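From a predicted model like this one, the values you see are computed outputs, not experimental measurements. Naming: A, B, ... by sequence-line order, numbering from 1 per chain.
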There are 2 protein chains.
Amino acid sequence: MEILHERNPDMATLDGDTGREMAEQAVTRSPETQSAHRKEVSPGLRRLATLTSLDEAELIRIAFMAERTQRRVKARSELMREGDPIARPLLILSGWAARMRTLSNGRRQLLSLLLPGDLMGIGRGHQPVALSTIVALTDVAICHLPRQEELDPDSGLAAAYDLSRTLDDHYMLAQIMRLGRLTAYERIADFLLELYERLEPAGVARGGSFPMPLTQELMADAMGLTSVHVNRTLQALRREGVVTIGNSMATLHQPAALAEMVGHRVPIF
Amino acid sequence: MEILHERNPDMATLDGDTGREMAEQAVTRSPETQSAHRKEVSPGLRRLATLTSLDEAELIRIAFMAERTQRRVKARSELMREGDPIARPLLILSGWAARMRTLSNGRRQLLSLLLPGDLMGIGRGHQPVALSTIVALTDVAICHLPRQEELDPDSGLAAAYDLSRTLDDHYMLAQIMRLGRLTAYERIADFLLELYERLEPAGVARGGSFPMPLTQELMADAMGLTSVHVNRTLQALRREGVVTIGNSMATLHQPAALAEMVGHRVPIF
DNA sequence: CGACGCGTTGAATGTTGTCAACATCAGTGG
DNA sequence: CCACTGATGTTGACAACATTCAACGCGTCG
């Protein structure tokens with residue numbers, strides 16, 4: 001089994017770099033301006049903007065803050081360890097991370113995924129503490145965002161925080177359903193559907209296709225299975241033409257039909 | 001399979017009755033006053049008071065509000081349905097409830113338990129919506145509490161809301177670990193340990209013993225197993241002298257040793 | 001080249017689910 | 001008071017699902 005976890009990575013090393021033109025671009029983004037330099041907006045900011053309607057001034061402030069506070073983290077390093085105090089909210093600008101827990105005997109469970117546009121540490125109360133270790137699954141870019149108390153309660157960002165928490169909960173419940181009551185086949189199908197659904201607003205998924213950086217072993221840790229069984233189940237899904245996986249990409253060929261088949265549910269908001 | 005769910009019970013029927021002397025008693029409660037009428041405080045209020053230090057004035061207000069707004073709900077009825085708006089926070093004064101979801105084919109999963117002192121609808125944002133149906137597993141008494149926005153942010157109750165949310169999350173993560181990576185034997189042991197741990201501050205568990213109103217089928221729904229397998233696994237636990245179950249009570253004989261054996265973790269706060 | 005991570009495969013084993021039957025008990029109504 | 005009913009717990013035989021262990025291919029990277 002491969003080993004994740006490498007405490008204290010270069011979290012504090014590199015600064016800005018991709019955040020360069022974010023501010024202007026964020027401002028530029030309006031429903032009509034669909035192409036051009038719009039591409040350069042980070043997936044995380046794009047996804048954040050889909051959560052609520054953010055006005056121009058807010059977008060500028062967020063984009064600047066993202067630029068100023070951006071950090072890059074290498075795959076496999078720990079973003080956060082269980083019990084750590086969380087000083088300020090963090091936004092995932094790009095890359096994948098996950099909350100995980102490991103048992104003494106080595107069994108490992110991925111608790112929830114953190115994808116571009118997801119927030120960490122907007123939790124609960126004034127002294128939030130990480131409830132689980134967070135590991136970067138790919139190279140990840142993150143930035144700080146204002147604490148909830150610093151926000152105008154009626155601002156778009158405050159609403160985005162609220163919605164983000166609700167979605168977190170929704171996906172935790174989905175995870176519980178998967179692990180408790182779905183077969184391996186259904187779990188994987190449901191999981192892939194969720195990935196597509198969550199990546200799409202970040203602008204990194206289109207037409208049923210999305211990046212799939214997870215190894216089969218990590219998928220196994222996410223689904224409470226072994227990597228061998230994930231492998232065999234993926235083969236079944238491929239054989240049936242449901243999905244194509246390879247080259248770090250996945251494609252769902254009949255998302256709607258598949259969702260129907262495995263009873264996949266989308267968030268109700 | 002037994003059918004839960006009975007939409008719209010007599011939620012709106014009976015009023016106060018056990019809440020009679022709550023106010024005085026709540027006030028009376030101080031570390032020294034251990035016995036006497038103290039017994040009459042509802043498990044839910046007792047548990048709530050253990051979450052943070054509530055000053056006298058706060059206790060009085062809460063106890064009065066509990067008395068004024070108390071409702072009783074019969075076992076098997078729905079307290080709330082997925083998608084319902086949640087007008088105000090609810091506190092469980094006594095009895096057990098659960099968040100559950102059912103799949104089209106009848107498979108059912110208990111997502112999380114709600115025990116005396118647990119809160120519902122302190123969720124997220126200003127327009128919280130129930131993410132899952134909530135079913136009363138036993139007869140339940142509930143009451144309203146103030147909305148977070150109505151509280152002094154520095155009050156003990158606000159702190160209790162924060163802590164309650166954190167604990168909710170903790171127990172959801174525990175549920176994910178159980179379902180994803182524990183064997184049936186470990187799941188049940190871990191679950192029983194959690195029950196004891198959560199019921200103790202409500203004053204309804206002592207010396208390893210606690211009320212156990214769940215049928216084996218409900219335990220199965222909680223643990224992602226079948227009732228037949230729960231039955232067999234419970235027999236193993238009994239045979240090994242780990243637990244005694246019967247007469248709607250359960251007793252753990254070596255909680256500490258059991259926790260060690262199955263790697264059970266307690267909340268870190 | 002060698003080491004390593006990752007995906008793949010086969011065979012054997014283990015765990016959990018399914019189906020069906022029966023025991024017990026509490027409650028219900030004749 | 002008894003027969004009936006329904007919910008719950010229990011058991012056995014069997015099937016299905018998932019894990020384990022071990023091995024190998026393939027590509028990447030140093």
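Computed from coordinates, the A:Q216 CD to C:dG7 P distance equals 5 Å when rounded to whole Å. The interatomic distance linking B:N105 (CG) with C:dT18 (P) rounds to 10 Å, in whole Å. Here D:dG9 presents its P atom at 10 Å from CE of B:M219, a figure rounded to the nearest Å. With rounding to whole Å, A:R107 atom CZ is found 15 Å from D:dA18 atom C1'. Taking atom CG of B:D221 as the reference point, atom P of C:dG17 lies 11 Å away to the nearest angstrom. Whole-Å rounding puts the B:N247 CG to D:dG9 C1' distance at 14 Å. The CG atom of A:L214 sits 15 Å away from the C1' atom of C:dG5 (whole-angstrom rounding). Taking atom NE2 of residue A:H229 and atom C1' of nucleotide D:dA16, one finds them 10 Å apart after rounding to whole Å.
In this structure, B:L218 and B:W96 have side chains that are not in contact, with every pair of non-hydrogen atoms separated by 4.5 Å or more. Residues B:E194 and B:H264 meet the side-chain proximity criterion, which asks for heavy atoms closer than 4.5 Å. Inter-residue side-chain proximity for A:R47 and A:L115 is flagged as unmet; no heavy-atom pair is nearer than 4.5 Å. Residues B:T183 and B:T233 have side chains not in contact (no heavy-atom distance under 4.5 Å, counting atoms from C-beta outward). Looking at heavy atoms from C-beta onward, B:L103 lies in side-chain contact with A:M177 at the 4.5 angstrom threshold. The shortest distance between side-chain heavy atoms of A:R181 and A:E186 does not fall below 4.5 Å.
Comparing C:dC6, C:dG17, C:dC19 by their nearest atom to the side chain of B:V228 picks out C:dC19. Here D:dT8 is the nucleotide among C:dG17, D:dT8, C:dT8 with the atom lying nearest to any side-chain atom of B:R76.
No contact: A:G246 has no heavy atom under 4.0 Å from any strand.
Between the side chains of B:Q235 and B:R232, not a single donor N or O lies within less than 3.5 Å of an accepting N or O.
Remark: B:R232 in residues 230-242 of chain B come within less than 4.0 Å of DNA chain C through at least one heavy atom. Residues of residues 180-193 of chain A having a heavy atom closer than 4.0 Å to DNA chain D, listed by number: A:T183, A:A184.
Although no hydrogens or angles enter the test, the distance criterion places no donor-acceptor pair under 3.5 Å between the side chain of B:R178 and the main chain of B:R187. Put simply, the side chain of A:Q109 gets close to the backbone of A:D221: a donor and an acceptor are under 3.5 Å apart.
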Per-nt protein contacts along nucleotides 24-29 of chain D (heavy atom under 4.0 Å; B base, S backbone sugar-phosphate only, - none) come out as ------
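The minimum heavy-atom distance between A:S77 and A:V73, with the atom names listed, is OG-CG1, 2.8 Å.
Under the 6.0 Å distance and 45° angle rule, B:R198 counts as a cation-pi partner of B:Y171.
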